[in-house]
Every structure is written in structure tokens, then in C-alpha cells.
Amino acid sequence: HMDDQRPVIAIGSRSHAGTAVERSHLRAFLQWGFHTYVTLLGVRGVRDTQCGFKLFSRHAARLVFPNMHVERFIFDIEILLLARYQNITVVEVPVNWHEVAGSKMSIVRDSIQMALDLLALRLNYLLGTWTILDQQ
């Protein structure tokens with residue numbers, strides 16, 4: 001149950017015990033590297049930032065979405081940064097997830113682009129280029 005008065009975001013996690021995800025060694029290594037990079041740049045306490053499952057309380061959605069700037073793969077990280085900046089509770093819930101063959105993502109090229117996008121995202125907030133509007 002998500003209370004509309006308190007901003008809360010629930011995100012799916014493929015990393016919890018008992019959640020099996022089969023993926024290539026390269027994909028697993030790149031995911032580990034990306035997670036380490038994300039942690040170094042300020043998003044801590046979330047084991048699976050890129051899982052597609054996200055659920056927002058109405059209050060959290062009103063705080064996060066008007067402040068979004070990015071649209072590519074890195075938008076998940078911006079959601080988590082905005083949540084942190086606005087003291088929105090983020091909880092991870094285990095999900096059963098199955099990788100689907102035929103992804104449109106180029107593992108190496110898109111991983112490099114995500115790393116560059118994340119650095120640009122973090123710098124824009126740190127330098128005050130992007131400000132956060134208080135939406136109630």
C-alpha cells in the first residue's frame with residue numbers, strides 16, 4: 001500500500017536472493033562496472049538501478065517527473081538522484097525477470113554512452129545548471 005501523502009518509489013530488483021537472472025558474462029561484468037560507477041557518482045543503496053519495474057506514489061511522481069531532463073537509458077539514474085535530492089523514500093522489491101533475446105542495445109557502445117550521460121547528469125546537478133522545482 002502506497003500512501004499518497006508520503007512520496008515513495010518502489011523499484012524492482014533482479015539482485016535479491018532467490019531472484020535468478022541468466023545473462024552473459026560480458027553483460028554481468030558491464031552491469032557490475034556500471035553499478036560501481038553509479039555508486040561512485042552518488043547513487044547509493046540501490047542494487048539494481050536499471051530494472052524496468054518502477055512504481056510511484058502520486059506525490060513522488062509529482063516531485064520527480066516535472067524535473068526530468070534525460071530520456072535515454074540513464075533516466076533511471078536521474079529518477080534516483082531526484083528522489084535522493086527530494087528525500088523521497090525508495091524501496092527495492094524482488095522481481096522475477098527474464099532477459100529477452102534480440103535487445104536493441106549495443107552492449108559496449110551504449111555502456112560508454114550511459115557512462116558519459118551519467119557524468120553529464122551528475123555535473124549538471126552539482127554545478128546547479130539543472131535546478132529542482134518543488135512540485136506539490
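The shortest distance between side-chain heavy atoms of Asn124 and His69 does not fall below 4.5 Å. Looking at Trp130 and Val70, their side chains come closer than 4.5 Å, going by heavy atoms from C-beta outward. Put simply, the side chain of Met68 reaches to within 4.5 Å of the side chain of Ile79, judged on heavy atoms. Residues Asp76 and Lys54 meet the side-chain proximity criterion, which asks for heavy atoms closer than 4.5 Å. Put simply, the side chain of Ile11 reaches to within 4.5 Å of the side chain of Leu80, judged on heavy atoms.
Closest of all the heavy-atom pairs between Met114 and Ile74 is O-CD1, 3.5 Å. Nearest heavy atom pair, residue Gly12 against residue Val95, reads CA-CG1, 3.8 Å. Minimum heavy-atom separation, Glu78 to Asn67: OE2-O, 3.5 Å. In plain terms, the two heavy atoms of Ala61 and Pro66 that are nearest each other are O-CD, 3.6 Å. Looking at every heavy atom in both residues, His59 comes nearest to Pro7 through ND1-CD, 3.4 Å.
Under the 4.5 Å side-chain heavy-atom criterion for ILVMFWY residues, no single connected hydrophobic cluster contains both Leu121 and Leu126. In this structure, Val91 is not a member of the same hydrophobic cluster as Leu81, with clusters built from ILVMFWY side-chain heavy atoms closer than 4.5 Å.
Note that CG of Asn87 is 12.0 Å distant from CZ of Arg6, once rounded to the nearest 0.5 Å. To the nearest 0.5 Å, atoms CD1 (Ile88) and CG (Leu82) are separated by 7.5 Å.
In this structure Tyr85 satisfies the ring pair (Phe, Tyr, Trp, His ring centres under 6.0 Å) test together with Tyr125, sequence neighbours excluded.
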